[in-house]
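Notes follow the structure.
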Amino acid sequence: MQKSSEKRNFRTIRKVAMSATIAAVMVLYLPVMALAGDYDIDEGSVDIHAYEDRTEVTHKNETHNDSSPNVYSTSGETTQNTVTIRADRNATANVTLSGVDINTRSVPNNEEASGNAAVSVNGAGIINIELDGDNSLTGGNGCAGIQDNMTGTLTINDA
């Protein structure tokens, strides 16, 4: 009878230890994981490239693997930084724009001013853009806010 009781105590101790370990890992790493996919457009342009097996995001001279990048603005101010999204054939890029205000005109309030597209999409794959909050995307003369240079599929949602 004593051996049966010892086995139950050991199982209970093992379960408590495992639960404590899992809780510690979640507390330490969950904040890091939540921030991994956020890119502040105020701090520089964002380049997103979806390959067949991964999606790479380059921002502030660093490249990250990120399957669902979120591009946002902390300041809410207008920026001339841009977003470029490319999806290779058989690849999908899922990107969220959250409250960004991009105006790429070389002279911001001049309708004739030159500049680039605020968001440029390229490639033969699939690009899904989700719009969250208020977004303003203004391209320069001859450029769209979202410039579609794709042979693939572009879908824009505001759910």
Side-chain angles (χ1 to χ4, degrees), residues 19 21-159:
S19 296
T21 301
I22 291 171
V25 167
M26 290 175 64
V27 166
L28 292 173
Y29 291 104
L30 194 56
V32 173
M33 292 181 344
L35 296 175
D38 293 335
Y39 305 92
D40 188 349
I41 193 72
D42 298 330
E43 296 179 3
S45 293
V46 180
D47 294 314
I48 301 160
H49 190 157
Y51 298 92
E52 196 169 329
D53 62 339
R54 71 191 182 287
T55 300
E56 292 182 351
V57 180
T58 303
H59 182 243
K60 299 189 310 185
N61 297 319
E62 295 179 3
T63 301
H64 307 273
N65 284 325
D66 189 341
S67 61
S68 297
N70 176 45
V71 179
Y72 71 100
S73 170
T74 53
S75 72
E77 299 293 320
T78 303
T79 182
Q80 287 192 328
N81 294 326
T82 62
V83 178
T84 302
I85 309 167
R86 177 174 187 79
D88 291 348
R89 183 175 306 283
N90 300 320
T92 301
N94 296 307
V95 179
T96 301
L97 300 178
S98 299
V100 299
D101 184 355
I102 303 172
N103 185 338
T104 59
R105 290 191 179 129
S106 56
V107 182
N109 291 316
N110 183 340
E111 294 294 324
E112 302 299 318
S114 64
N116 300 314
V119 176
S120 178
V121 294
N122 309 284
I126 298 169
I127 295 177
N128 299 311
I129 298 175
E130 174 67 33
L131 301 174
D132 284 349
D134 293 329
N135 294 280
S136 177
L137 306 170
T138 306
N141 190 19
C143 295
I146 298 177
Q147 187 80 36
D148 182 356
N149 303 311
M150 296 188 66
T151 57
T153 303
L154 171 63
T155 303
I156 301 170
N157 281 319
D158 186 11

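One distance of note links CZ of R86 with CD1 of I127; it measures 9.0 Å at 0.5 Å rounding. With rounding to the nearest 0.5 Å, the separation of CD in E77 from CG in N103 is 13.0 Å. Taken to the nearest 0.5 Å, the OG1 atom of T55 stands 7.5 Å off from the CG atom of N94. The CG atom of N128 sits 10.0 Å away from the OG1 atom of T96 when rounded to the nearest 0.5 Å.
Listed by chain and number, the residues in a side-chain hydrogen bond (donor to acceptor under 3.5 Å, both in side chains) with T79 are N81 (sequence neighbours excluded). Looking at residues two or more places apart in sequence or on another chain, you find a side-chain hydrogen bond (donor to acceptor under 3.5 Å, both in side chains) between D40 and T74. Not counting sequence neighbours, D47 has no partner by the salt bridge (Lys or Arg N to Asp or Glu O under 4.0 Å) test. Under the salt bridge (Lys or Arg N to Asp or Glu O under 4.0 Å) criterion, R54 pairs with E56, sequence neighbours left out. For the salt bridge (Lys or Arg N to Asp or Glu O under 4.0 Å) test, no residue two or more places apart in sequence or in another chain qualifies with E52.
Side-chain contact annotation: S98 with N70, donor-acceptor N/O pair under 3.5 Å present. In the model, T63 has a side-chain atom that pairs as donor or acceptor with a side-chain atom of T58 under 3.5 Å. A side-chain donor from one of S73 and D42 sits under 3.5 Å from a side-chain acceptor of the other. Side-chain contact check for T78 and D101: at least one donor-acceptor pair (N or O, by modelled atom type) lies under 3.5 Å.
At a threshold of 4.5 Å between non-hydrogen side-chain atoms, the residues V95 and V119 do not count as touching. Side-chain contact between V83 and L137 is absent, with no heavy-atom pair separated by less than 4.5 Å.
Listed for the S45 side chain is a donor-acceptor partner under 3.5 Å among the backbone atoms of T82. The main-chain N or O of A118 is never found under 3.5 Å from a side-chain atom of Q147 such that the two would form a donor-acceptor pair.
Between A91 and A50 the shortest heavy-atom distance is CB-O, 3.4 Å.
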Exercise. Please lay out, stage by stage, how I129 and I85 fare under the test side-chain contact (heavy atoms from CB on, under 4.5 Å).
Key: CA-CA 10 Å; I129 298 175; I85 309 167; 4.0 Å; yes

Practice problem: Could you go through the side-chain contact (heavy atoms from CB on, under 4.5 Å) check for D132 and E130 one step at a time? | Solution: CA-CA 6 Å; D132 284 349; E130 174 67 33; 3.4 Å; yes

Expected list for residues 149-159: side-chain donor-acceptor pairs under 3.5 angstrom, two or more places apart:
unit_1 : atom_1 : unit_2 : atom_2 : d
N149   : ND2    : S120   : OG     : 3.3
N149   : ND2    : N122   : OD1    : 3.3

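Ring-plane geometry between Y39 and H64 is classed as tilted, the angle between the planes lying from 30 to 60 degrees on a 0 to 90 degree scale.
Each of L131, D134, V71 was compared with V100 under the side-chain contact (heavy atoms from CB on, under 4.5 Å) criterion, and only V71 meets it.
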